[in-house]
Amino acid sequence: AFFWLVSLLLSSLIWFIAVKASDPRDEPLQKGLLIFGVMFSVLLQEVFRFLYYKLLRKAIEGLVALSEDGCSPISIQQMAYVAGVGFGLMSGAFSMINLLADALGPGTVGIHGDSQLYFLTSAFMTMVMIFLHTFWAILFFHGCEHQCWWEITAVVVMHLAVSGSTFCNPLYMGSLVPSYLLMAIAAAWAYLLSGGSAQNLRRFLLCKS
Amino acid sequence: MITFMNDSDSEEEPCNERTSLMSAESPPVPSYQDGLQASEAGEAQAHRKRRTGSSRSPNNIADGDMSESGVPVRESTLENEEEELTLKYGAKHVIMLFVPVTLCMIVVVATIKSVRFYTEKNGQLIYTPFTEDTPSVGQRLLNSVLNTIIMISVIVVMTVFLVLLYKYRCYKFIHGWLILSSLMLLFLFTYIYLGEVLKTYNVAMDYPTLFLVIWNFGAVGMICIHWKGPLQLQQAYLIMISALMALVFIKYLPEWSAWVILGAISIYDLMAVLCPKGPLRMLVETAQERNEPIFPALIYSSAMMWTVGMAKPDTAARGPSQQTWNAAEDGRENHRSPSHADSQVSETRTPVPTRPISSFEELEEEERGVKLGLGDFIFYSVLVGKAAATASGDWNTTLACFVAILIGLCLTLLLLAVFKKALPALPISITFGLVFYFSTDNLVRPFMDTLASHQLYI
């Protein structure tokens with residue numbers, strides 16, 4: 001969560017400088033700057049995910065060195081999961097919390113002609129982002145562990161795609177549906193990477209031991 | 001300017017030697033007046049020892065660092081086991097501190113957001129006499145710096161006074177002072193707080209009920225904090241009085257002064273705990289020399305000592321320590337000569353001199369947990385509360401400061417595990433908190449607002 005926060009900080013710093021340095025009245029420029037800011041932020045988040053991976057790697061080495069039987073009490077997969085959850089929660093909290101606070105107060109959604117589904121779609125979008133961060137972290141760490149560069153690029157590309165699809169808002173079909181599809185793909189992939197399989201799933205669902 | 005109660009000066013001083021983070025490491029030594037089950041915080045936990053009883057970070061970042069320094073220096077496998085056990089319980093200790101700090105902050109933020117009273121400007125403390133309603137920015141800055149200088153000097157004077165009293169063994173005076181200040185906190189501030197909360201939610205309450213509630217709350221609190229009581233109740237009371245104190249600070253400190261004071265106090269904390277002549281360091285060292293616990297009302301401890309009834313195969317070590325406990329129950333006088341104290345202290349070590357620390361002591365250590373001064377709670381909550389009160393970005397800034405403070409606490413605990421002596425808990429957390437507050441408020445907020453208005457997600 002802290003790492004995500006720092007990446008957000010740095011990316012907003014860049015965006016802020018860019019905005020201040022540019023003409024505030026020029027609409028397309030501002031929009032362009034915003035898009036640039038979003039993409040840059042996504043890339044920075046991935047960089048920080050990588051830095052976090054490096055840090056956790058060092059920690060695991062230390063743990064293994066200290067432990068008696070040569071394996072650390074917490075595995076890299078568990079760390080990947082926790083890292084993903086941390087990133088996701090922080091990103092979700094930052095996206096949602098002001099909205100929630102405003103939702104407590106009086107008001108009508110979309111009274112000025114905006115979409116009436118604003119809160120609902122924001123909620124769904126935030127949820128999908130949180131899940132996606134979790135799955136991406138698992139994929140990312142797995143890719144770093146096994147030197148599968150294509151997994152890492154896939155994660156980055158997916159993140160860019162999801163953020164990019166939100167540019168279609170308020171045309172919600174363009175953003176929510178692809179995001180959920182990507183989430184399903186990422187979920188299945190992460191599940192398979194973590195050692196799951198169709199048999200495990202069936203056994204779990206049918207409550208067999 | 002309306003002056004606040006004169007008794008608040010007694011509030012300042014307890015607040016401020018509370019700002020240190022110590023690992024609870026020493027064996028239980030009975031204090032001269034607290035009973036065996038006395039306020040768990042007071043039970044001789046404040047002594048530092050050469051081994052760590054405190055935590056590692058939950059991400060085990062410490063181990064990355066420790067492995068380089070640790071591995072070459074291993075003399076005996078015992079030390080390895082020591083690290084192992086500390087490792088396993090390290091994360092637990094960090095969580096044990098995260099939970100109360102989080103609770104305190106939640107209480108403060110919830111109150112700030114809902115009760116109007118604490119964000120209204122109704123005058124200032126006499127410690128911050130300069131007003132911030134000046135027309136020019138330079139004047140305002142100057143006033144806030146002057147306020148800070150006055151506040152910090154008051155704190156320094158109070159701390160030095162306390163240390164002198166402690167050195168010259170004026171225990172009754174100190175205890176009277178602490179009792180008076182906690183009395184005031186528990187009764188007066190709670191009364192005001194309850195009154196404001198009831199006003200906000202428009203709940204009617206008659207005076208007899210109010211009197212009953214506050215009397216019970218206050219009386220149980222006094223007993224819990226200064227005498228004996230269940231650990232969790234004592235922890236809850238300490239959290240509540242820290243929150244009340246933080247709310248008072250948030251209300252009565254003007255904006256810029258508050259930020260400058262936070263910065264200055266973390267520098268002061270750093271110096272007071274680490275410099276050889278620093279008052280807090282002298283306090284802790286004197287307490288160690290005399291083998292006495294530091295005052296129960298000043299420290300939050302996350303765990304209780306239990307040695308009785310612990311099944312341990314190492315009976316040789318157990319024998320002498322049980323003697324100490326029996327001695328404690330006999331209420332023996334604690335004013336011994338240092339040499340005698342050392343022999344008492346060494347009772348939990350095995351008779352074999354080559355093994356510096358016994359495994360019995362290790363098990364004791366784990367149950368002990370980490371101690372955090374109440375001043376730290378207060379200033380963390382002041383930072384987060386101020387962020388909640390004054391930031392225009394509202395919740396994002398509050399959340400960012402919260403995460404920053406917790407990470408700072410984590411790092412401090414890490415350093416504690418590495419250095420194994422009392423460390424100031426304020427500097428790292430407050431620095432992170434301040435950096436994140438200002439940057440989130442000014443940089444992240446416009447970015448997030450623009451993103452939210454276009455419903456873009458990053």
Side-chain angles (χ1 to χ4, degrees), chain A residues 1-2 5-6 8-9 11-13 15-17 19 30-31 34-35 37-39 41-42 45 55-68 72-74 79 82 90-91 93-95 97-101 115 118 121-122 125-126 128-129 159 162-163 165-167 169-170 175 179, chain B residues 56-71 74 77 80-84 86-88 91 113-114 393-408 410-411 432 435-436 438-440 442-458:
Chain A
F2 182 65
L5 211 57
V6 176
L8 178 67
L9 198 69
S11 48
S12 25
L13 176 67
W15 179 81
F16 190 74
I17 294 176
V19 165
Q30 291 300 314
K31 187 100 180 153
L34 196 61
I35 296 179
V38 168
M39 294 297 147
S41 178
V42 167
Q45 279 179 45
L55 189 66
L56 288 181
R57 199 88 202 86
K58 271 212 189 135
I60 287 228
E61 281 164 19
L63 274 177
V64 168
L66 273 178
S67 78
E68 290 172 339
S72 81
I74 178 169
M79 283 191 183
V82 170
M90 212 49 206
S91 125
F94 260 65
S95 312
I97 203 158
N98 277 332
L99 231 57
L100 288 173
S115 161
Y118 186 76
T121 48
S122 297
M125 198 64 209
T126 311
V128 86
M129 284 303 285
H159 196 166
V162 169
S163 285
S165 71
T166 58
F167 287 128
N169 284 338
S175 67
S179 309
Chain B
R56 302 278 171 96
S57 88
N59 288 328
N60 300 311
I61 297 176
D63 309 300
D65 300 327
M66 280 305 289
S67 60
E68 294 92 359
S69 56
V71 170
R74 294 279 173 255
T77 53
N80 240 338
E81 284 170 17
E82 199 178 297
E83 299 288 352
E84 269 292 303
T86 324
L87 194 60
K88 283 195 195 125
K113 288 287 185 189
S114 52
D394 277 351
W395 292 94
N396 279 346
T397 321
T398 314
L399 201 58
C401 287
F402 170 71
V403 172
I405 288 182
L406 285 186
I407 295 288
C410 233
L411 282 175
F432 275 7
V435 163
F436 269 79
F438 285 113
S439 50
T440 313
N442 298 321
L443 297 175
V444 176
R445 189 181 43 87
F447 188 44
M448 290 306 288
D449 283 346
T450 329
L451 286 182
S453 62
H454 294 278
Q455 222 175 1
L456 301 176
Y457 281 83
I458 54 166

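Predicted model, so just to flag it, every value in this text is computed and none were measured. Note on naming: letters A, B, ... go to the chains in the order of the sequence lines (proteins, then strands), and numbering restarts at 1 for each one.
Heavy atoms closer than 4.5 Å to chain A are found in the side chain of B:I407, but not in its backbone. Using a 4.5 Å cut-off between heavy atoms, A:M39 makes no contact with chain B at all. For chain B, no part of A:S179 is nearby; none of its heavy atoms comes within less than 4.5 Å. Contacts of A:S165 with chain B are absent, with no heavy-atom separation under 4.5 Å from either backbone or side chain.
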- Message: B:L399 vs A:F94, test: side-chain contact (heavy atoms from CB on, under 4.5 Å). Steps then yes/no.
- Response: CA-CA 8 Å; B:L399 201 58; A:F94 260 65; 4.0 Å; yes

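Between B:Y457 and A:V38, the closest heavy-atom pair is O-CG1, 4.2 Å.
Rounded to the nearest 0.5 Å, atoms CD1 (A:I97) and CE (B:M448) are 11.0 Å apart. A distance of 5.5 Å separates CG of B:L451 from CG of A:L34, quoted to the nearest 0.5 Å. The line from CG of B:N396 to OG of A:S95 is 8.5 Å long, rounded to the nearest 0.5 Å.
Heavy-atom pairs under 4.5 Å with chain B peak, among A:A101, A:S122, A:A93, at A:S122. When A:H159, A:M125, A:M129 are compared by the number of non-hydrogen pairs under 4.5 Å with chain B, A:M125 comes out ahead.
Proximity of A:L100 to B:W395: side-chain heavy atoms (C-beta onward) are nowhere separated by under 4.5 Å.
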